[in-house]
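These numbers come from the heavy atoms of this one structure, side chains and all, not from hydrogens, waters or symmetry mates. Reminder, nothing fancy here: chain letters follow the sequence lines and each chain counts from 1. Treat the numbers as computed from the prediction; the structure is a model and nothing was measured.
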Amino acid sequence: MTMLSNNEIIKMRKTLIQRQFAHMNNMQQQAIFTVNGALLILAGAGSGKTTVLVNRISNILSWGNAYNSDYVPEYITEKDIDQLQNCYFNNIEPTSELISKFAVNPAKPYQIMAITFTNKAAKELKERISAKLNCTDTDIWASTFHSSCAKILRRYADLLGYSSHFAIYDTDDSKRIIKDCCKSLGIIEREYPIKTMLNEISKAKNSGISLEDFKKDSIGDSYMTSIAKVFDLYQKSLKKSDAMDFDDLLINTVNLLKNNEEVRTYYQKLFKYVMVDEYQDTNKIQYELIRLLSDGTKNLCVVGDDDQSIYKFRGATIENIINFEENYPNAKVIRLEQNYRSTKVILSAANSVIENNTTRKGKNLWTNNDNGDLITVFTTFNETEEADYIGSQILSMVAKGKKYSDFAVLYRTNSQSRALERVFVRSAIPHKIIGSVKFYERKEVKDMLAYLRIVNNNNDDEKLKRIINYPKRAIGSATVSNVEEIASQLGKNMMSVLRTSNQYADLVKAAPKLMDFANMIDEFSEIANDKKVRISDLYITILERIDFKNTLKKDHSVSDNAIENVEELLTAIRQYENENGEDASLSGFLDEVALMTDIDNYNNNIAEDDNRVSLMTIHSAKGLEFPVVFLPGMEENLFPSFKSSKNPEDLQEERRLAYVALTRAKEKIFITNTQSRVYLGVTNRNSPSRFIKEIPAELITSSTQQPIVSEMSKAYAVSPYEKRKHQIETAKIFGPAVTEPKKSVSSNNYSVGDIVNHKAFGKGMIISSKPMGNDFLLEIAFDTAGTKKIMSNFSKLEKI
DNA sequence: TGAGCATAGTTTTTT
DNA sequence: ACTATGCTCA
């Protein structure tokens, strides 16, 4: 046996690494093999971005920088080389043991930090990495910006003057505080809307403007000076409550890393590799955080798509991605432009639309997939007809074998969901609306969480105020203000004032009740401190002690399924306990909840019982994909929205949103617009969206199928004149409607007037029948279930 | 304290 | 059109 030269070993090693990632395309491989230094991966929609991230991490963990390195570890033996050669010549995958011998500086899982925007994305990343590498979830630091920061801050909170139990305030909490601040500053809400003020403050925080800077900048501007005062008081109240808002989590972490060399060095040494997903949606503070974290090794990889930046209104600066090469002069840029998701038609439509934007890195998605169906554009008279049309299309495609979960209806504004929901309920189309009312934002859920939060952190005055008189304890608002006043004068939290309330003249009358309440909370805290007691036990104790379910039963202002939601929260707690075992803690659970959203709960892996159509805003749909996508409300003033059509920059963001919408679809897109739409109480007549016109005409087909005019849309009293006008105008825009020659259709067993029996809906009469595909769409008025639309072949009807 | 009426404000919202 | 919040009065 001859000893191989280093060069030969390096060559073989490289080949073996390449083979391991041979299933990836060229560009993807480049991204996987570029492990050191700054790297920007411009990943188009559906280009296998997450797969690349997973494989890149896998490469770093197993091979380290071996692919690019000329270094051969000295300790390898001849036997090792033999094995390497054996793998090389016989096309055998090297064992992990062998890989570890030839690897160059492979990283340990805990040395990798991967930052995502949603918990869902973080979870997916962790799962896929552990599946690939047999390491456990907890080894890899993959989480959202905010939970990463929370995790760091819990350790060092005392350095910043917070306790390790500090509360995390959501937007709702922030609004309440701002309101209080305005009140005590004598600022009138009418002149300074809370939302505007919170926006200004958040905007400042996100762009790295400190309170001091903000004050300085506001000098001479009375409007901004007022906001500065609120800003000041707001921060003070937060501090007093031992609380941080979402922005503070980031700011405080950045400040901690900036000002404390020891902490900074610790994390810079710890994280040898930093990766950031959805980089186009980062803001200035996040940029700073990333910079600080990655400045040790400078191994930073960011992944993003400037064309999918749709969160400018929340402070994201597209400049972060546009200027990446400027900020990191030696950065390498890799474009992933091959799309594995959509048809050619869909991609060229999306490309043509986004080409109208001027501020972009430039990128052209292509695919090897089939051409696919043309995009269907259809104009209806009003939003109910629009919903009818979408419903009928879904029903007819379901009749041809599609599943309900293959469809998504993506709209610009949440309010558009109403008309759709009405029709879907009526037509018995299983559906789910994502993002309208969020679970953790429901009143009863927030109430119960407030109990847990005040137990966890006695300083949390905001939560205390929320529940001190709910369930009713005859503690009036005047008493609460007194407590608050005394607390602020003494510089104490409200809980400590409650405990000793009999000592204050203003509180004497209410003292017994206040002290009862304080005692109860203290009891809960004692229970919580007992290490043997689980969070779920504490929760049940509280629930029973305050008799919450009965309270909800009597309270007519809460929603019908309030009790269900309270029980669902228990399930969530138990799930958390199961997932975290020994590490489960009250503050851990509360952190998770504070940083969680509905979208995170949305499970795109379709379970058997989850065969439902998805309805959501385009924003919520980012990162998801569906075989068939409906885009209703493609009208000027709605999409692009009225406000953005004035401003070229906002318009570009709307266009990116349109791009996101189109690229969600795998097979087929339906675009609809209406002639008239009731919006904000007034009927608007909007022309078709400019985005429709930006799609080349040859990619579009106008639907030949007339929508079924339902009883409901007839109720809008459409005159024949209006109808005719609508038809003419539609023809002007999209050409005359082509009437397809009537195909021979399978015989219809039912006719109008027949009485039928349906398995689920009972007895009913057929009131209309319309051929559709090889089937008939029947409209049936049921005795008890109301009027529904049903495909004749699909549902087993019994003629009576 | 609570019911009932008036009024304002409604683009998107990963945390 | 719809809802959430504030204000008034019993």
Flag for [Y]-[X]: side-chain donor and acceptor within less than 3.5 Å:
X	Y	answer
Thr253(A)	Tyr156(A)	no
Tyr659(A)	Arg655(A)	no
Asp460(A)	Asn457(A)	no

Please determine whether a side-chain nitrogen or oxygen atom of [X] lies at a distance below 4.0 Å from atom OP1 or OP2 of [N].
X	N	value
Thr617(A)	dT13(B)	yes
Asn637(A)	dT11(B)	no
Lys312(A)	dT12(B)	no
Ser415(A)	dC2(C)	no

Between atom [atom1] in [X] and atom [atom2] in [N], what is the gap in whole Å?
X	N	atom1	atom2	result
Lys195(A)	dT13(B)	NZ	P	11 Å
Asp180(A)	dT5(C)	CG	C1'	15 Å
Met616(A)	dT14(B)	CE	P	12 Å
Glu654(A)	dT12(B)	CD	P	11 Å
Met197(A)	dG9(B)	CE	C1'	16 Å
Leu657(A)	dT12(B)	CG	P	11 Å
Arg418(A)	dT10(B)	CZ	P	15 Å
Asp247(A)	dT13(B)	CG	C1'	13 Å

Return yes if some donor-acceptor pair links the side-chain N/O of Ser309(A) with the main-chain N/O of Asp306(A) below 3.5 Å, else return no.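 Pair absent, no side-chain N/O of Ser309(A) close to backbone of Asp306(A).
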Could you check whether [X] gets within reach of a base, just the sugar-phosphate, or nothing at all, counting any heavy atom under 4.0 Å?
X	answer
Phe639(A)	nothing
Ser644(A)	nothing
Ile285(A)	nothing
Phe313(A)	base

Name the residue closer to the 5' end of DNA chain B, choosing between Lys643(A) and Lys622(A) according to the nucleotide with the nearest heavy atom. Lys643(A)
Given [options], which nucleotide is nearest the side-chain atoms of [X]?
X	options	result
Tyr679(A)	dC2(C), dT11(B), dA1(C)	dT11(B)
Ser620(A)	dT13(B), dT11(B), dT5(C)	dT13(B)
Thr413(A)	dT13(B), dT12(B), dG6(C)	dT12(B)
Arg412(A)	dA1(C), dT14(B), dT11(B)	dT11(B)

Could you check whether Lys49(A) pairs with Asp305(A) (Lys NZ or Arg NE/NH1/NH2 to Asp/Glu carboxylate O, under 4.0 Å)?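 Answer for the salt bridge query: no.
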Face-on cation placement of Lys646(A) at Phe642(A) ring, 6.0 Å and 45° thresholds: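 Yes, Lys646(A) sits over the ring of Phe642(A).
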